[in-house]
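Below is one structure, written out as structure tokens, with a few remarks after it.
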Amino acid sequence: MNAPYDGDRGQGAGGPAPAQGTAPGTPVPGQVPPPAAAPEHDPYVQGAYDYDPYRSQDLSAQDPVAEVLYDRAAHPPPPPGTYQEPGPLYAAPAAPAYAPDPRVWAQTPPPEPDGPSRHMPYGDHATTTQFVGVDSLVTKATDQQPEPDAFAHLYRDQQAAPRTAAEEAPVAAPAPSKPAGRASSLLKSSALMAAGTIVSRLTGFLRTLVIAGAIGVGTFNDTYQIANTLPTMIYVLVGGGALNAVFIPQLVRAMKNDDDGGEAYANRLLTLVVVLLAGITTVCVLAAPLFITMMSPKIASNPEQMAVAVAFARYCLPTMFFMGVHVVLGQILNARGRFGAMMWTPVLNNIVVIATFGAFIWAFGGFTTSGVNAATVTSDGVRLLGLGTLLGLTVQALAMLPYLRDAGFKPKLRFDWKGHGLGKAAGLAKWTFFFVLANQIGLVVVTQLSTWAGSIAEKQGHPGTGITAYNYALLLWQMPQAIITVSVMTAVLPRISRSAHDGDVAAVRDDISYGLRTSAVAIVPCAFAFLALGVPMATLLYAGSGAGAQNIGYVLMAFGLGLIPYSVQYVVLRGFYAYEDTRTPFYNTCIVAGVNAAVSVAAFLVLPARWAVVGMAAAYGLGYAVGVGVAWRRLRTRLGGDLDGAHVMRTYARLAGACVPAAVVGGGVAFGITRLLGSGVTGSLASLVAGGITLAAVFLIAAKRMRIEELNAMVGMVRGRLGR
């Protein structure tokens with residue numbers, strides 16, 4: 001170890017060196033003579049007349065340990081003249097040149113000093129100075145890496161390209177509350193999910209077309225629809241609603257708080273779902289006749305229809321097990337930022353079912369030639385359709401496994417459920433269960449009434465007016481909701497949950513407002529398009545099912561405008577789920593289901609059998625219109641009395657104002673072409689294309705005049721992407 005350097009002691013401690021040629025001990029003019037040397041040095045006595053009596057410039061005297069450890073060989077001292085000469089001992093300090101001025105707010109900081117003494121006594125830099133024995137405490141102090149973001153992997157698939165190491169360096173935090181940046185990231189995730197949902201919905205429509213071409217849209221299809229609807233209803237009742245609404249926030253919290261990123265919690269949840277659904281599925285398969293009787297007493301009263309419906313149900317009910325596995329795996333991927341898998345895998349299910357009913361047409365002929373019904377269908381035909389339906393859901397669930405492996409998640413059974421947060425989630429899911437129960441009771445009432453009305457109307461010569469028409473029109477009507485609103489809110493929900501957990505009410509409000517206004521750009525025009533062009537849509541899509549296609553179009557028109565409150569309700573309820581409030585959505589759904597059931601009963605009693613289902617479709621939208629008013633007020637109160645209502649209502653009002661003239665003109669054009677060319681495939685296609693183009697043109701012109709901000713932003717984004 002190097003000895004302390006003493007080359008500058010003459011300057012710091014003893015003043016300037018004697019002039020050349022002057023004998024030692026000779027007084028120098030202008031200087032105080034040094035004290036006489038004492039025969040014995042007293043360590044407790046200081047030189048009172050020294051320039052530096054406490055040796056403030058002598059580093060070894062101030063901190064001998066640091067001075068000994070300092071490596072002077074690697075860092076030589078600065079040249080003479082670096083330090084300011086010492087002044088009088090008791091002189092008042094000079095006023096700083098850059099003293100703070102109390103009259104100036106945020107005063108400009110003084111400039112940094114020049115020279116080698118900027119950072120350390122000898123002019124060295126703190127990151128390059130070497131200390132013997134304490135290198136790890138000093139030289140590596142600036143090498144500490146920032147804490148990794150626990151949620152960085154949630155948005156890994158939203159990055160356009162892999163970033164380099166230089167780009168991964170920490171940067172300054174962006175300014176808070178930037179809606180444009182938030183919207184950009186959400187649009188990327190929404191675009192991925194929307195693409196999968198579009199393909200899924202298109203193949204789903206192709207599926208309904210093939211089913212209608214194979215077994216028609218009358219009472220025989222009603223038996224299949226009831227059997228195929230049962231597993232969905234039971235699954236949503238026993239756990240589907242809780243998985244969708246409750247466990248996303250719980251998974252996000254587990255990923256944030258657990259050391260393993262929430263993997264153990266996800267495996268416990270997966271095990272719980274597998275065990276629960278396996279037991280419920282077994283019981284439901286055995287109780288299939290009871291469920292069919294509950295869903296449709298009219299079908300149960302016909303022995304032939306009852307036998308076919310029970311056979312279909314025993315093939316379809318096991319699909320609820322694979323449905324639950326698919327959903328829980330999809331929610332695990334969603335919590336890890338992998339939004340595409342859950343939207344794309346249903347395409348495989350649709351392909352399998354399309355192939356199944358295509359094989360039925362190849363083996364037994366289409367409905368227009370075979371006229372198949374419950375009395376004439378063979379057991380081989382029922383077995384083919386039932387096994388194909390079950391195989392479709394099985395493939396859909398198993399297709400999630402490669403996505404999980406790619407995301408680094410290893411599914412395995414874990415039965416240590418106690419004390420790991422599942423009890424809290426089950427408590428929250430209690431109200432979600434009641435929520436779904438209220439909704440399903442309303443659906444059971446509609447199913448019973450629509451099958452009854454459809455059976456009566458078909459005997460009167462009006463096929464396609466039962467539960468099949470209701471479900472097919474509902475499927476087409478919900479397509480914009482699934483593509484736009486669900487995709488946007490699936491990406492927004494983890495962000496809302498995190499903001500709610502952090503107590504950021506403003507961020508929750510902004511995200512809900514963004515979801516409402518962004519989805520309205522597509523939802524409102526589509527609602528008016530269904531009202532104006534519902535009949536040509538249905539007659540074109542279901543032309544192969546016979547005369548019942550036009551009645552499906554009337555049901556679709558009745559659904560029409562109800563799409564707006566239906567979409568708003570979906571977005572608003574996400575706000576309650578983000579705060580883990582499942583009781584309020586339950587009460588709200590009771591209101592919706594009660595209005596829907598009451599108006600549906602009135603439509604069944606008042607309207608003719610042919611128009612009863614049309615009235616039930618209108619009741620569906622009316623129930624959501626009442627429910628959204630109640631939910632809006634409660635969420636506004638929850639967020640401190642502000643839900644950005646003026647901004648949202650202005651957007652919806654302007655969109656509706658632009659859609660009214662567009663629907664009138666577009667519907668008039670379509671009606672005129674239908675009267676001229678008929679309602680066949682050619683006439684339906686021509687009226688739909690001409691009416692749709694006219695409606696879109698009038699809407700865009702009116703919306704441009706009204707300066708709808710959200711629509712202009714979307715059009716600009718599309719133009720920018722097309723121009724690349």
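Quick note: residue numbers are just sequence positions, from 1.
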Between W477 and Y472, ring centroids under 6.0 Å: no
Under 3.5 Å: donor-acceptor pair, side chain of T281, backbone of A278: no
Aromatic centroids of Y224 and F357 separated by under 6.0 Å: yes
F604 vs M616 side-chain heavy atoms within contact, under 4.5 Å: yes
Chi angles and distances behind the side chain to side chain contact (heavy atoms under 4.5 Å, CB included) call for Q448, M295: CA-CA 6 Å; Q448 292 179 348; M295 291 293 294; 5.9 Å; no
Heavy-atom pair with the smallest gap, counting every atom of M294 and V444: O-CG1, 4.1 Å
Student check: side-chain heavy atoms of C316 and L390 closer than 4.5 Å: no
L474 vs Y620 side-chain heavy atoms within contact, under 4.5 Å: yes
Atom pair CG (L475) and OH (Y470), whose distance is rounded to the nearest 0.5 Å: 13.0 Å
Side chain proximity check, F291 to I234, heavy atoms < 4.5 angstrom: yes
CG-CZ distance between L695 and F528, expressed to the nearest 0.5 angstrom: 10.0 Å
Where L516 and S519 come nearest, the two heavy atoms and their spacing: O-OG, 3.1 Å
Heavy atoms from other residues, nucleotides or ligands near CZ of F671 exceed 12 (cutoff 6.0 Å): no
Residue pair V395, N349: steps toward the side chain to side chain contact (heavy atoms under 4.5 Å, CB included) verdict: CA-CA 6 Å; V395 172; N349 177 26; over 6 Å; no
No-hydrogen, no-angle side-chain donor-acceptor test under 3.5 Å, T468 and D222: yes
Passing option when I523 is tested against L655, T518, L563 for side-chain contact (heavy atoms from CB on, under 4.5 Å): L563
Donor-acceptor under 3.5 Å (N221 side chain, G216 main chain): yes
Shortest non-hydrogen contact between V210 and I361, atoms and distance: O-CD1, 3.9 Å
Spacing of W452 atom CH2 and I467 atom CD1 [to the nearest 0.5 Å]: 15.0 Å
M649 atom CE, over 12 foreign heavy atoms within 6.0 Å: no
Side-chain H-bond candidate by donor/acceptor type, Q569 with N588, under 3.5 Å: yes
Non-hydrogen side-chain atoms of L605 and V601 separated by less than 4.5 Å: yes
Heavy-atom check, side chain of T293 versus side chain of P297, under 4.5 Å: no
Note, N228 side chain near F312 side chain (heavy atom, < 4.5 Å): no
Charged tip of R574 within 45° of Y570 ring normal and under 6.0 Å: yes
Full working for side chain to side chain contact (heavy atoms under 4.5 Å, CB included) between L556 and L476: CA-CA 8 Å; L556 181 59; L476 180 59; 3.2 Å; yes
Short side-chain to backbone donor-acceptor contact, T674 and A670, under 3.5 Å: yes
Donor-acceptor contact present, side-chain N471 to main-chain Q225, <3.5 Å: no
Q478 and Y566: side chain donor to acceptor below 3.5 Å: yes
Near-ring test F559/Y554, centroid separation under 6.0 angstrom: no
Nearest-0.5 Å distance that lies between atom OG1 in T223 and atom CD1 in I292: 8.5 Å
Distance (rounded to the nearest 0.5 Å) between W611 CH2 and T465 OG1: 10.0 Å
Distance (rounded to the nearest 0.5 Å) between R314 CZ and L286 CG: 7.5 Å
Check: N373/T376 side-chain N/O donor and acceptor closer than 3.5 Å: yes
Side chain to side chain contact (heavy atoms under 4.5 Å, CB included) assessment of T229 paired with T447: CA-CA 10 Å; T229 302; T447 302; 5.8 Å; no
Heavy-atom side-chain proximity of V595 to Y624 below 4.5 angstrom: no
Short side-chain to backbone donor-acceptor contact, T203 and V199, under 3.5 Å: yes
Minimum heavy-atom distance V535-Q550, with the two atoms named: CG1-CG, 4.1 Å
V681 backbone acceptor or donor facing S684 side chain under 3.5 Å: no
Taking every non-hydrogen atom, the tightest pair across I354 and R207: CG1-CA, 3.6 Å
Closest non-hydrogen atom pair, Y652 against A520: CZ-CB, 3.4 Å
